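Following: one structure in structure tokens, then a few remarks.
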Amino acid sequence: MADVTLTWPKNYNEVPKAAFTRSDLYSEEIKRIFHGPEWHPVAHESELPNPGDFRTIRLAGIPLLISRDEGGEVRVFYNACSHRSNQLETAVMGNKTEFECPYHRWLFSAKGELVGCPNPREFVPGFDKADYPLGQPRFELFYGLIFVTFSAETEPLDQFLGESGETLRELMASDGRLKLLGYQKVRYDSNWKGYNDNDGYHAPLLHAAFKMLNWQGGKGRQYTATKRGHVCFESALSVASGPSVLKDKDLIAFKGQDPSVGSRIVQLFPTFVSTKHLDVINLRFATPIDAETTEVHYAYFAHQNDDADMLRHRLRQSSNLLGPCGLISMEDASIFHRIHIGSHTPGNAIFQKGVRDPGKLESEFSQNDESGNLPRWEYYRSVMGFERAEA
């Protein structure tokens, strides 16, 4: 165990500000959390609709290559040649049935098999191409959502998700049969925990669009699932009413079939956020770049059964509402950065709304409580091995 210590406050509703800012914690977080026994969503299989499609990402510094082979099977590899670990593919996405390493021309199939290499007769005696496929992390699919873990000790995915799996399924149109609309990518000047400390309390207070559109929150609940404190929001939809500042009110129209499932949010520890609001299906794949930078890939989806009108409708809402510069969420980037700046002051961040007993951790919350974040912070504290202060 690394010699990294941080005394945690006695009360569950207090978080030391140093957790957001201390650079010496970062490498231990990468080791214990991002490279440890956790599942991380990295893509949805609909981003690779055709045989030969691929995309590359980096998750906490580890390069990954996700591909769909000729038989239609989705596979995840380390994006490194099995010879000398040269980065195999540099393109963000594309279509290839083979991947060639430019360093020594080792050639791999979309199934990860080594199919060719120059001068093998001069290699180590007994060399066999079958012994040198591309390396693969553990991965599983949940309604098309691709999860990766770098640890053999990570629990099965269904246990990791717990009750959040049902809300996540509903969020992905109930069957995961999605169609990619496009991406927005951004880097926030914020520690990854500042980015993921978003809560239900701030939404109607920070985001001006809710006030401008006279948008009232619908009936809903917030709950946490599993020991990791995944947090889920399930809300009935309340469409904006009264005078509108929009020339085209269709932009915020809800064309879904059931307003009782008009809004869903699932935040999985450590950094994944997914949102279904109105007709927007948005999966946000986040990764820490360093102790002060977090990169987020916002991916937007339609359903495979959508007709042309619904497809255009989802595209317009996705482009305008929930992204890093969306009408509803444009203030978030500034807040992430300002939290990071403000946390360089002494003391603790103290959660208030929804806290009924500072000495007790709960799992059910009101829709706009901020206390839903506290189980996730408690899990973080336990994983990092930080001791609570004595009474």
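Numbers for residues simply follow the sequence, beginning at 1. Model, not experiment: these values are computed from the prediction. Side-chain atoms are counted along with the backbone in the values below, which use heavy atoms only and exclude waters and symmetry mates.
In this structure Phe108 satisfies the ring pair (Phe, Tyr, Trp, His ring centres under 6.0 Å) test with no other residue, sequence neighbours excluded. Evaluation of the salt bridge (charged side-chain N to carboxylate O under 4.0 Å, His left out) rule for Asp69 yields Arg75 as partners, not counting sequence neighbours. Partners of His297 by ring pair (Phe, Tyr, Trp, His ring centres under 6.0 Å), not counting sequence neighbours: none found. With sequence neighbours left out, the salt bridge (charged side-chain N to carboxylate O under 4.0 Å, His left out) criterion links Arg284 to no other residue.
Put simply, the side chain of Arg68 never gets that close to the backbone of Asp53: no donor and acceptor are under 3.5 Å apart. Between the side chain of Asp290 and the backbone N or O of Thr293, at least one donor-acceptor pair lies under 3.5 Å. With hydrogens and angles ignored, the 3.5 Å screen pairs a side-chain donor or acceptor of Arg169 with a backbone N or O of Ser174. At least one donor-acceptor pair closer than 3.5 Å links the side chain of Gln317 to the backbone N or O of Ala253. Side-chain N or O atoms of Ser82 include one that pairs as donor or acceptor with a backbone N or O of Tyr132 at under 3.5 Å. A donor-acceptor pair under 3.5 Å links the side-chain atoms of His337 to the main chain of Asp189, judged by distance alone. Side-chain N or O atoms of Glu47 include one that pairs as donor or acceptor with a backbone N or O of His44 at under 3.5 Å.
One finds no salt bridge joining Asp306 and Lys179 here, because no Lys/Arg side-chain nitrogen approaches an Asp/Glu carboxylate oxygen to under 4.0 Å. Using a 4.0 Å cut-off between charged side-chain N and carboxylate O, Glu170 and Lys276 make no salt bridge. Ion pairing between Asp279 and Arg316 fails under the 4.0 Å rule for side-chain N and carboxylate O.
Leu205 forms part of a hydrophobic cluster together with Tyr201, judged by ILVMFWY side-chain heavy-atom separations under 4.5 Å.
The list of salt bridge (Lys or Arg N to Asp or Glu O under 4.0 Å) pairs with a residue in residues 333-355, not counting sequence neighbours, reads Lys353-Asp369. Among pairs with a residue in residues 100-111, those fulfilling salt bridge (Lys or Arg N to Asp or Glu O under 4.0 Å) read Glu100-Arg105, at least two apart in sequence or across chains. Sorted by first and then second residue, the salt bridge (Lys or Arg N to Asp or Glu O under 4.0 Å) pairs involving residues 119-140 (not counting sequence neighbours) form an empty list. Within the structure, side chain to side chain donor-acceptor pair (under 3.5 Å) pairs that include any residue of residues 354-366 comprise Arg221-Glu364, Arg356-Glu362 (at least two apart or interchain). Listed by first and then second residue, the salt bridge (Lys or Arg N to Asp or Glu O under 4.0 Å) pairs involving residues 143-159 are Glu155-Arg228 (not counting sequence neighbours). Within the structure, every pair that satisfies the ring-ring contact (aromatic ring centres under 6.0 Å, His included) test and touches residues 46-100, not counting sequence neighbours, is listed here: Phe54-Phe99, His83-His104, His83-Trp106. Here ring-ring contact (aromatic ring centres under 6.0 Å, His included) pairs that include residues 310-334, with residues two or more places apart or in two chains, number zero.
Within the 4.5 Å cutoff, no side-chain heavy atoms of Phe285 are placed close to those of Leu59. The side-chain heavy atoms of Phe123 and Cys117, taken from C-beta on, include a pair separated by under 4.5 Å. The side-chain heavy atoms of Arg388 and Lys10, taken from C-beta on, include no pair separated by under 4.5 Å. The closest side-chain heavy-atom distance from Ser274 to Leu168 is below 4.5 Å.
Ring orientation note: the planes of Phe386 and Trp8 are close to parallel, at an angle under 30° on the 30°/60° scale. Below 30°, between 30° and 60°, or above 60°: for Phe34 and His40 the angle between ring planes is below 30°, a parallel geometry.
No hydrogens or angles considered: a donor-acceptor pair under 3.5 Å links the side chains of Tyr300 and Gln184.
Remark: aromatic rings of Trp192 and Tyr195 are distant, center separation not under 6.0 Å.
Here Phe150 contributes atom CZ and Ile30 contributes atom CD1; the two are 10.0 Å apart, rounded to the nearest 0.5 Å. Here CD1 of Ile341 is found 10.0 Å from CD of Glu292. Values are rounded to the nearest 0.5 Å.
When every heavy atom of Leu178 is checked against every heavy atom of Ser46, the shortest pair comes out as O-CB, 3.1 Å.
The 12-atom threshold is not exceeded at OH of Tyr103, counting heavy atoms of other residues, nucleotides or ligands nearer than 6.0 Å.
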